[in-house]
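Side-chain atoms are counted along with the backbone in the values below, which use heavy atoms only and exclude waters and symmetry mates.
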Amino acid sequence: MRRSLPALVVTAIALFTLITPWTATANPQQTSQSQPRIGLVLSGGGARGSAHIGVLKVLEELRIPIHVVVGTSMGSLVGGAYAAGVSPAILEERVTQVDWDALFTDDPPREDWPARRKQGYRNPTFDFSVGVRDGEFNLPKGAIAGQRVQLFFNDVIQGVETVQDFDDLPIPFRAVATNLENGEMAVFTQGPLPVAMRASMSVPGAFAPMEWEDHIYVDGMLVRNLPIDVARELGVDVIIAVNLGSGYLPREKLGNILGVTGQMIAILTEQNVQVSLKQLDPQRDVLIIPELGDITTSDFARAPEAIASGEAAARKMAPQLTRYRLNEAEYAAWHQERFGPGHPARQAEEVRIVGLDRVNPEVFTNLVKAQKGKPLDRARLEADIQEIYAHGDYERISYHFQPRSDSSDILIVNAVEKAWGPGYLGFGLGLMTDSHGDSRFGLRATYDQKWVNSLGAEVGVDLILGNIPSLHAEFYQPLTLDRAGFIAPYLDYGLSPESLFVSDQRIARYDVIRGRLGLDLGTTLRETEIRLGPYLGQTEVSLDTGSPRLTEGTVNDTGVRALVYYDTMDSAAIPREGTRVFLDVRNPLEAMGADEQYTRALLTATTAHSFGPNTLTLKIKGGSSFGERMPYYDQFALGGFLNLSGYAFEQFRGGDMAFAGLAYYRQIASLPPPIGRGLYLGGSLEYGWLSEGTVINPTSSEELVLSPEKSGLAASLFFGSDTWIGPAYLGLGISGTGDSSIYVLIGQP
């Protein structure tokens with residue numbers, strides 16, 4: 001018995017040694033002492049990256065702990081949020097409920113723009129201007145600056161905003177980007193987490209590159225779309241890698257420069273992925289490949305489908321994954337430690353505004369006052385940022401935090417001015433034609449020079465070439481930064497063809513050339529701008545074709561004018577919500593040298609309201625000369641599309657006018673930004689009234705009645721689109737007398 005004891009001990013030790021490894025990998029109730037360090041690697045893939053959330057959901061169900069997360073592009077967004085302590089359930093909610101089209105539109109809604117930016121040629125649906133700086137032309141760095149995207153990142157990971165070292169996150173994290181200057185891989189290990197996430201997903205051409213600490217970064221997919229080696233360097237024992245595939249474009253989509261460019265990026269990405277896949281150990285590591293089918297990198301609206309694909313793919317790999325599961329108690333402890341309330345930003349005892357070059361820092365005064373020395377008000381902070389951003393001077397405005405030694409933080413607002421400014425050159429097109437033989441067309445060029453001085457002075461020029469040529473130039477000088485007061489000297493010069501009708505017959509067409517040199521004094525009150533000022537004016541009338549019925553020659557119409565402009569419309573082209581009111585009062589004065597004295601007042605008001613895809617708009621206009629005689633070219637006109645449809649353009653004129661139009665349209669399709677907003681089908685009912693239209697007989701100096709007092713009904717049917725060049729309409733108008741007209745309008749002629 002004594003001789004056999006050593007042999008029994010040796011046998012027992014050998015059996016224990018053989019049994020222990022099997023127990024550590026196969027027993028679902030294993031302990032943390034035998035648990036390997038697991039690294040989760042998430043690849044890029046744009047909208048396809050929502051599949052990562054499905055994988056995370058299954059990892060939670062299987063109780064698989066993650067010790068390190070490494071991500072590229074969309075993988076860095078999902079992985080960074082998970083590492084920050086955001087649960088897969090919350091991630092799924094955020095990704096499926098966010099409006100991705102709005103997220104990828106940098107500008108705040110138009111109704112939030114300052115009043116000056118909403119007016120006239122400064123009001124494109126989308127801004128495609130070319131920058132002018134130091135005498136050179138410059139283009140924006142990308143179609144999307146990422147303004148809303150980065151604010152979205154801040155909101156998602158708000159529980160860890162003060163963390164500077166990514167090893168101090170609930171789960172250590174790395175984001176992979178590409179250094180655009182040398183093509184090398186950049187691994188973010190510290191800094192503001194939203195900055196790292198944003199840099200990692202800066203798809204070239206789509207997103208503007210991310211500039212941070214003297215480097216320029218673009219999407220990490222170019223160098224390491226599946227960064228397995230980065231996870232290995234963090235000392236993990238096991239890799240769980242999620243590869244979304246390249247998402248190659250089909251042959252039929254390779255017939256243009258966009259398709260070819262996208263395919264080139266996909267090819268480069270797939271090449272570095274194949275290198276990374278060879279680094280996996282099939283005995284230990286787990287590769288998950290979701291079957292995403294025809295979901296493309298831009299199909300963010302299909303996030304629920306992508307998430308489901310990720311779940312299905314992870315469940316297929318459950319036999320390999322369960323080798324690393326924890327028992328319920330251990331996983332609960334691991335999960336509670338990492339997915340708690342986090343450490344959100346505290347009171348900001350200091351607020352720093354960084355990055356400004358031309359813009360006066362006092363623009364941010366209200367933002368600083370609202371946050372400094374007070375508990376963080378995130379909603380107010382982001383609202384103030386968006387209000388400032390709406391002025392159009394910035395590429396993006398973001399924020400992050402640095403912890404202080406006490407119980408407070410430093411709030412840092414990073415305002416990146418548009419590098420391609422401060423001069424902006426824009427182009428446009430306008431066309432209007434109808435079946436009555438009237439057509440107007442113009443090519444537009446605009447130039448804006450911002451921040452001429454510290455109070456935000458601007459130079460604006462609008463030039464139109466075509467059969468309605470015009471030039472408008474203005475120097476806009478605020479007296480205070482909030483624009484509560486301003487002065488604006490301006491020059492207006494333009495030619496317009498004015499038709500003369502007797503009954504339904506066009507008998508003549510005149511060229512009317514107007515010149516104005518004026519000085520406005522004004523104030524801006526939120527959505528309202530008010531102007532008042534004198535002007536020097538001359539109007540020249542010359543017969544183009546037809547019977548002479550107007551006095552030709554040059555008229556001095558120097559006087560004063562007043563303008564009131566109020567606008568909350570969500571679109572200048574085809575609004576779905578909001579109200580616009582415009583009052584224009586002009587008064588040529590004999591005391592100032594005018595040949596004839598009269599007062600001309602025109603009030604226009606439009607309101608729109610939508611319910612679902614349906615929109616109702618009401619437009620009313622009223623004009624009066626207050627019983628005074630006005631020149632024919634200044635009398636109020638009706639006729640044309642949505643202005644007594646079915647009649648010829650400006651067929652009727654009179655010294656007093658009233659008009660009301662009710663339009664209904666339904667959105668039948670959406671257009672992705674920046675192409676446009678939507679396609680619409682609709683119709684209108686219109687009513688108009690005009691007093692008697694008269695002119696002075698050039699031979700007898702007596703008044704001739706060209707049209708008696710008139711009222712009438714009209715209607716229209718139309719197809720419209722709200723595009724990047726402005727509104728586009730194809731319409732059919734029917735007058736109250738049964739006449740009809742076809743209209744084509746593109747842009748703003």
Side-chain angles (χ1 to χ4, degrees), residues 431-441 466-468 495-514 539-553 555 600 602 621 623 625 629-659 661 684-718 729-745 749:
L431 169 67
M432 184 208 72
T433 184
D434 62 26
S435 55
H436 288 284
D438 204 336
S439 63
R440 300 185 176 213
F441 62 90
N467 69 346
I468 47 170
L495 179 150
S496 61
E498 306 287 352
S499 293
L500 206 62
F501 287 83
V502 172
S503 297
D504 295 335
Q505 299 298 315
R506 181 185 286 112
I507 63 171
R509 191 190 302 269
Y510 285 81
D511 287 335
V512 179
I513 301 174
R514 295 180 176 90
T539 300
E540 180 182 345
V541 179
S542 60
L543 179 66
D544 180 23
T545 58
S547 174
R549 295 295 182 94
L550 297 180
T551 300
E552 298 183 71
V555 177
R600 182 185 192 276
L602 173 64
K621 296 194 296 183
S625 61
R629 186 177 63 186
M630 288 194 301
Y632 183 75
Y633 51 78
D634 262 351
Q635 293 176 24
F636 303 103
L638 289 177
F641 183 58
L642 300 180
N643 192 45
L644 283 189
S645 302
Y647 294 103
F649 179 72
E650 296 186 347
Q651 180 173 335
F652 309 107
R653 291 178 182 267
D656 297 289
M657 177 267 291
F659 173 86
S684 68
L685 291 174
E686 306 148 34
Y687 171 82
W689 170 85
L690 280 168
S691 64
E692 184 178 75
T694 63
V695 297
I696 301 297
N697 189 319
T699 58
S700 66
S701 298
E702 296 178 353
E703 283 193 343
L704 294 178
V705 177
L706 294 184
S707 59
E709 179 179 332
K710 181 177 181 62
S711 63
L713 293 170
S716 74
L717 296 173
F718 58 82
Y729 286 101
L730 174 62
L732 170 65
I734 304 173
S735 71
T737 58
D739 295 329
S740 63
S741 182
I742 296 175
Y743 302 95
V744 176
L745 295 91

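Looking at residues two or more places apart in sequence or on another chain, you find a ring-ring contact (aromatic ring centres under 6.0 Å, His included) between Tyr743 and Phe641. Phe636 is linked by a ring-ring contact (aromatic ring centres under 6.0 Å, His included) to nothing, counting only residues two or more places apart in sequence or in another chain.
One distance of note links OH of Tyr729 with CE of Met432; it measures 14.0 Å at 0.5 Å rounding. With rounding to the nearest 0.5 Å, the separation of CG in Leu431 from CZ in Arg440 is 12.0 Å. Here the CG atom belonging to Asp544 is positioned 4.5 Å from the CG atom belonging to Asp511, to the nearest 0.5 angstrom. Note that the OG atom of Ser735 and the CG atom of Leu644 stand 9.0 Å from one another [nearest 0.5 Å]. Here CD1 of Ile513 is found 12.0 Å from OH of Tyr633. Values are rounded to the nearest 0.5 Å. Atom-to-atom distance recorded for Ser542:OG and Leu495:CG is 7.5 Å, nearest 0.5 angstrom.
Using a 4.5 Å heavy-atom threshold, the side chains of Ser716 and Ile734 count as separate. Side-chain atoms of Leu602 and Met657, non-hydrogen and from C-beta on, do get closer than 4.5 Å to each other. For the pair Leu543 and Tyr510, the minimum side-chain heavy-atom distance is below 4.5 Å. Proximity of Glu686 to Leu638: side-chain heavy atoms (C-beta onward) are nowhere separated by under 4.5 Å. When side chains are defined from C-beta on, Asp438 does not count as touching Gln651, because their heavy atoms never get closer than 4.5 Å.
Minimum heavy-atom separation, Arg506 to Ala648: NH2-CB, 4.4 Å. The shortest non-hydrogen separation linking Ser684 to Leu642 is OG-CD2, 3.4 Å. Contact detail for Gly654 and Gln635: the closest heavy-atom pair is O-CB, 3.5 Å. When all heavy atoms of Gly437 and Arg509 are compared, the pair lying nearest together is O-NH2, 4.2 Å. Scanning all heavy atoms of the two residues, the minimum distance from Gly733 to Ser645 falls at CA-CB, 3.8 Å.
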inquiry  = Phe718 vs Leu745, test: side chain to side chain contact (heavy atoms under 4.5 Å, CB included). Steps then yes/no.
reply    = CA-CA 11 Å; Phe718 58 82; Leu745 295 91; over 6 Å; no
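Asn467 places a side-chain N or O within 3.5 Å of a backbone atom of Ser439 that can act as its donor or acceptor partner. Arg600 contributes a side-chain N or O that, together with a main-chain N or O of Asp634, makes up a donor-acceptor pair within less than 3.5 Å. Side-chain atoms of Ser691 come within 3.5 Å of backbone N or O of Asp656 as a donor-acceptor pair.
No hydrogens or angles considered: a donor-acceptor pair under 3.5 Å links the side chains of Glu498 and Ser496.
Within the structure, salt bridge (charged side-chain N to carboxylate O under 4.0 Å, His left out) contacts touching residues 641-651 (residues at least two apart or in different chains) are Glu650-Arg653.
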